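What follows is a single structure, written as structure tokens, with notes after it.
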Amino acid sequence: MLDADFFHRWMTAAAAAVDREADHLTELDSAIGDADHGSNMQRGFAAVTEVLGQERPQTPGAVLTLAGRQLISKVGGAAGPLYGTLLRRTGKALGDTPAVTPQQLAEALGMGVAAVAQLGGAQAGDKTMLDALLPAAEALGTSFGAAREAAEAGALATVPLQARKGRASYLGERSIGHQDPGATSSALLIAALAETGGVLGGEA
Ligand code: ADP
Ligand code: MG
């Protein structure tokens, strides 16, 4: 079972990954955006770990809804509201039980990803974070490791796509040949989940 501590550790691992990869994320965003995705994510997840440490929410749902609220209030641009919605909606779907199964998390994450699609009006193949998140949520029904692989493959698969949503879409065909920054950070988020699940044991 995955308790509040597990979700807290997931968010801490995500913050560390975003910190480590901030320059890379910004470099990707400088090719097809405005070169702020690394700093956006870094600022947002630093705020998340700070408030989680202060408030210590006691259920998985409360950890994710608090984290999502922070991202919405601290991160400007497209990614803040989109990631905030992902975590808030996932958290809401988990309800207020003290621990959840990986299967419950997979279903809740599916709802969070659907909320991102609804908010941003994007779908699979539009070269956005959804190209990592949709296959990851699907594969999470199998294992944490499968979700990580699906997210990483999804992020890589954005390279040949033309962006149809967000700032990168302004470039038209010139967005082709670059990896989407948001899909890349989404793969980091899912890799952090797999890392946290791996520490727990039991998942390949
Ligand atoms: P901004 O584009 O406002 O500068 P960021 O650089 O932080 O915000 O985030 C850009 C990322 O947000 C993109 O790489 C893409 O993955 C994601 N994104 C942008 N618009 C959408 C959308 N409508 N739906 C889903 N994801 C989107
Ligand atoms: Mg940007």
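In each ligand, atom 1 is the first atom listed, and ligand 1 is the first ligand listed. The structure displayed is predicted, hence computed values, not measured ones.
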* **Heteroatom proximity flag, M129 to ligand 1, N/O under 3.5 Å** => yes

* What N/O/S atom of D29 is the closest to the Mg ion (ligand 2)? -> OD2

* To do: Would you confirm whether E55, through its side chain, and G53, through its main-chain N or O, come within 3.5 Å as a donor-acceptor pair?
  => no

* Considering only NZ, NE, NH1 and NH2 on the basic side and carboxylate oxygens on the acidic side, decide whether D131 and K127 come within less than 4.0 Å. => no

* Asked: Is there a heavy atom of D34 sitting under 4.0 angstrom from any atom of ligand 1?
  -> yes

* Min N/O separation L82 to ligand 1 under 3.5 Å -> no

* Asked: Going by the order shown, which atoms of ligand 1 are within less than 4.0 Å of some heavy atom of A122?
  -> 24 (N)

* Asked: Is any N or O atom of G182, backbone or side chain, closer than 3.5 Å to an N or O atom of ligand 1?
  -> yes

* Structure fact -> Only residue of L28, T26, T128, N40 satisfying side chain to side chain contact (heavy atoms under 4.5 Å, CB included) with P181 is L28

* Can P181 be said to touch ligand 1, with heavy atoms closer than 4.0 Å? -> yes

* To do: For the pair L94 and F7, evaluate side chain to side chain contact (heavy atoms under 4.5 Å, CB included) and give the outcome as yes or no after the intermediate values.
  => CA-CA 12 Å; L94 290 176; F7 283 83; 3.9 Å; yes

* Identify, for atom 3 (O) of ligand 1, the protein heavy atom at the shortest distance, and state residue, atom and that distance. => A78 N, 2.8 Å

* Nearest to atom 23 (N) of ligand 1, what protein heavy atom do you find, and at what distance? -> G120 O, 3.0 Å

* Without hydrogens or angle criteria, can the side chains of Q179 and T184 be said to hold a donor-acceptor pair below 3.5 Å? -> yes

* To do: With heavy atoms of K165 as the reference, note each atom of ligand 1 found under 4.0 Å away.
  => 23 (N)

* To do: List every atom of ligand 1 that sits less than 4.0 Å from any heavy atom of N40, numbering the atoms from 1 in the order shown and giving each element.
  => 5 (P), 7 (O)

* Structure fact -> Under 4.0 Å from one or more heavy atoms of G166, ligand 1 contributes atoms 19 (C), 20 (N)

* **Side-chain donor or acceptor of S175 paired with backbone N/O of L171 under 3.5 Å** => no

* **side chain to side chain contact (heavy atoms under 4.5 Å, CB included) between R88 and K92, worked out** => CA-CA 6 Å; R88 267 204 331 185; K92 196 176 158 201; over 6 Å; no

* **Contacting atoms of ligand 1, where contact means under 4.0 angstrom from a heavy atom of G77** => 3 (O)

* To do: Could you pull out the atom name of the N/O/S atom in D36 that is nearest the Mg ion (ligand 2)?
  => OD1

* To do: Could you tell me whether D180 and ligand 1 have an N or O pair separated by under 3.5 Å?
  => yes

* To do: Evaluate the side-chain proximity of T97 to T59: yes if any heavy-atom separation is below 4.5 Å, no if none is.
  => no

* Please report which non-hydrogen protein atom sits nearest to atom 2 (O) of ligand 1, along with the residue it belongs to and the distance in Å to one decimal place. => R167 NE, 3.5 Å

* Structure fact -> Exactly one of T12, L64, L71 clears side chain to side chain contact (heavy atoms under 4.5 Å, CB included) with V48, and that residue is L71

* Sub-4.0 Å atoms of ligand 1 with respect to non-hydrogen atoms of D36 -> 4 (O), 5 (P), 6 (O)

* Which of the atoms in ligand 1, numbered in the order shown and given with their element, are less than 4.0 Å from a heavy-atom of D29? -> 6 (O)

* Look at atom 10 (C) of ligand 1 and say which protein heavy atom is nearest, naming residue and atom and giving the distance to 0.1 Å. => H37 ND1, 4.1 Å

* Asked: Short question: side chain of T158, backbone of G154 - any donor-acceptor pair under 3.5 Å?
  -> no

* **D34, N/O/S atom nearest the Mg ion (ligand 2)** => OD1

* **Pair S186-Y83, side-chain donor/acceptor within less than 3.5 Å** => yes

* Between M129 and L82, is any pair of side-chain heavy atoms under 4.5 Å apart? -> yes

